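A short worksheet on the structure shown next.
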Amino acid sequence: MSPTSPVIVTLPDGAERPFPGPVTGAEIALSISKSLAKEALAIRIDGQLRDLSFLVTTNAQVSLVTRSDEEALDLIRHDAAHVMAEAVQALYPGTQVTIGPAIANGFYYDFARPTPFTPDDMQKIEAKMREIVAANRPFTREEWPRAQAITYFQDKGEKYKAELITALPNDAAISIYRQGEWLDLCRGPHLPSTAKVGTAFKLMRLAGAYWRGDHRNEMLQRIYGTAWRDDKELKAHLTQLEEAERRDHRRLGKEMDLFHLQEEAVGSIFWHPKGWMLWRVLENYVRDRISAAGYVEVRTPQLIDRVLWEQSGHWEKFRAAMFTAIADEDKVLALKPMNCPGHVQIFRQGIKSYRDLPLRMAEFGACHRNEPSGALHGIMRVRAFTQDDAHIFCTEDQITSESVAFCRLLESVYRDFGFTDISVKFSDRPPVRAGSDAVWDRAESALRAAVEAARLPYTLNPGEGAFYGPKLEFVLRDAIGRDWQCGTLQVDFVLPERLDAEYVGEDGAKHRPVMLHRAILGSMERFIGVLIEHYAGRFPIWLAPLQVVVATITNDADGYGGEVAAALKKAGLRVALDTRNEKINLKVREHSLQKVPVLVVVGNREAENRAVALRRLGGKDQEIMALDEAVAKLREEARSPAGDRVPDSPF
RNA sequence: GCUGCCUUAGCUCAGUCGGUAGAGCAACUGAUUCGUAAUCAGUAGGUCCGCGGUUCGAAUCCGCGAGGCAGCACCA
């Protein structure tokens, strides 16, 4: 095509605009309106985001990106990273730049410099960034020959940049973006100039990060920033961070007296009475749900001889994370990191028939894993935790139906906590795996059929499956939009083999069962942490460790208050009685801060009429009603979504 | 585990230049008996994370260790 041939661009509204020859994004914008030319930040050409200076040489679908477009955010953030890199190099000569991408909510840049940055430095860097933005330097793109680019960065002492270019494919164009004097290797695209970054950015934190994300490499210094289209968005984001901090389960756990951690038992939790009540309510809820779903519950040993872990493969693969103990001078026992080998031992007791399958074996299994110290986080990531674990022993034919049933159960459980936005990650065969390709084909298609039958949206997580089989990971979104990975479903052909589980089939021959590893909450500890943050400590009444406080106004009402509390307790409610000689204002305040869902206030008026005054958490008004009515009402409200407890007999 | 920061009363935190520590809340005692988010007064409470060093003198400066926080790596 000759450079003079006409170019026709099609705008999003379908309008076609002819140009006599190649045309830049900026020129297209100008041809539409002066104001668009001013506001345009980049151009999308046949779906590809490009610089405004990009020359359109062939007919194409184009749309101009302005600040009002959501996708402007990535450009702003990426450019903010460049501006930060320039600021850092201006202030701290000799600092090497490495990479600096846009990320969710902002950007970062990794620097190599012998002296660590201080919070004070961050302020200086941010001030310098604002200067560079104000200077409104145009971003310009250049393409350099590969060798020249390598030599340039090497001569400047930028060994990381030189390494990045060396790693690029031989035929790749080496693009360089300049902003005034400063330049950086970058794929682009960029905004027209530094001023377009705007002022709605803020440097957030300093952190270490390994070069190329590999812990064997040297550690770089990462500076994180957040950047938005305008101050309102920035402020909303900062408010959201404050909200997350306000909900932090470590803070609420302390304030609400649920649990504590201390250094003599790092990674293990001291559950206080209220926290443990919350645990028990949650555990019993799950127990009721899985019992109704046809599971049997078991309990397997904490300490198991290493011989069994050698058979299962854990000793070889996960030895480093396993705690051990010595018995009888020289016998090595390991604290179980998982429950599956134990469950196989129960399965192996006696002869199993195909008629016993599917066998759904559940355990609130207390596991220990020696997690790296830096991984520990409140009660969310600990070394001693309890899985709501179960293994479904079934035939290959049963994989799909069992998986669908599990997905339904999981969805229903999540819904009971108000989690309705659930996504699924499908992790398929990893490069290093056990089992034949034919078996993997079957396992993967069965699992895919299940996730599709359950009508859950899923994304592919290629190569991330467990070595013994593909897995689904269930991610729920909480009340303030954060994602938490909780449930899992894994198909396993390997452990039954290694631990020699078998059943007698219809044909009278012995067969290997398949094991489905599955958890809904994941870990009790972590899920409770998620619940605390999701509800901001204001648990629904069925879950609240303390559901009702009966508070008396004067000690004259203490006798009646005791009667009220006893009646509520008899109705199955978790009640406390507050007869302290304190003003009702103080009692209301304290129990509200403790986030007790219902406050029953009784004074002489109520005592005379055998009535109560109900005050709900967060509410201002009171509801006066007869005691009997209140007891019935609260009993109804506090009913577990799993229904009333029934004697546990799955047999 | 790695990098940086932090650790002072039960809790939240202040503590200047190195001169042996302070507030609010909580606790305890007393008064008060009160109608829906803090009644008043008084009392007591400290191995300033631990160990070592510098110094006439260390909460403060230095080293080592522990724990915590943020991120990275890890998360079977």
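Within every chain, numbering begins at 1; the chains are lettered A, B, ... in the order of the sequence lines, protein sequences first and strands thereafter. Small disclaimer: the values here were computed from a predicted structure and weren't measured. Note that these values count all heavy atoms, side chains included, but never hydrogens, waters or copies made by symmetry.
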task = Indicate the ring-plane relationship of A:Phe393 and A:Phe347, choosing parallel, tilted or perpendicular according to the 30° and 60° boundaries.
result = parallel

task = Using heavy atoms to find the nearest nucleotide of RNA chain B for A:Lys471 and A:Glu263 separately, return the residue whose nucleotide is more 5′.
result = A:Glu263

request  = Looking only at side-chain atoms of A:Ala209, point me to the closest of B:C11, B:G68, B:C72.
outcome  = B:C72

ask   = Going by modelled atom types, is there a donor-acceptor pair between the base of B:C74 and the side chain of A:Arg381 at under 3.5 Å?
value = yes

task = Give the nucleotide from the list B:U33, B:C75, B:A70 with an atom nearest to the side chain of A:Asn555.
result = B:U33

ask   = Once the angle between the rings of A:His534 and A:Phe419 is folded into 0 to 90°, is it parallel (under 30°), tilted (30 to 60°) or perpendicular (over 60°)?
value = tilted

note = The answer to which of A:Thr554 and A:Ala207 contacts RNA chain B further toward the 5' end, by nearest nucleotide, is A:Thr554

message = Starting the side chain at C-beta, find the nucleotide from B:A37, B:C34, B:A76 nearest to A:Asn581.
response = B:C34

task = Take atom CE of A:Met204 and atom C1' of B:C69, then tell me their distance rounded to the nearest Å.
result = 15 Å

ask   = Just how far, in rounded Å, is C1' of B:U3 from CD of A:Gln221?
value = 8 Å

request  = Identify which nucleotide among B:C74, B:U36, B:A76 has an atom closest to any side-chain atom of A:Pro372, counting heavy atoms from C-beta outward.
outcome  = B:C74

request  = Quickly work out the A:Asp257 CG to B:U12 P distance and round it to whole Å.
outcome  = 13 Å

task = Identify which nucleotide among B:C72, B:A73, B:G1 has an atom closest to any side-chain atom of A:Arg222, counting heavy atoms from C-beta outward.
result = B:C72

request  = Give a yes or no on whether a donor-acceptor pair under 3.5 Å exists between the nucleobase atoms of B:G35, that is its base, and the side chain of A:Glu606.
outcome  = yes

message = Assess whether a salt bridge exists between A:Arg306 and A:Glu310, defined as any Lys/Arg side-chain N lying under 4.0 Å from an Asp/Glu carboxylate O.
response = yes

ask   = Does the side chain of A:Glu218 pick up a donor-acceptor pair with the side chain of A:Tyr160 at under 3.5 Å?
value = yes

ask   = Out of B:A70, B:A76, B:G68, which nucleotide sits closest to the side chain of A:Val266?
value = B:G68

message = Can you identify which nucleotide, out of B:A73, B:U39, B:A37, has its nearest atom closest to the A:Tyr210 side chain?
response = B:A73

task = For A:Leu261 and B:C11, give me the distance from atom CG to atom P, rounded to whole Å.
result = 14 Å

query = Over how many whole Å does the gap from A:Arg250 atom CZ to B:C11 atom P extend?
reply = 16 Å

ask   = Does B:C25 pair with anything, Watson-Crick or G-U wobble, both distances under 3.5 Å, and if so, with which nucleotide?
value = B:G10

task = Quickly work out the A:Arg205 CZ to B:C69 P distance and round it to whole Å.
result = 13 Å

message = Can you identify which nucleotide, out of B:U3, B:A76, B:G35, has its nearest atom closest to the A:Met219 side chain?
response = B:U3

inquiry  = Checking contacts here: which listed nucleotide (B:U36, B:U39, B:A70) is nearest the side-chain heavy atoms of A:Lys583?
reply    = B:U39

ask   = Nearest to the side chain of A:Leu586, which nucleotide is it out of B:G35, B:U39, B:A76?
value = B:U39

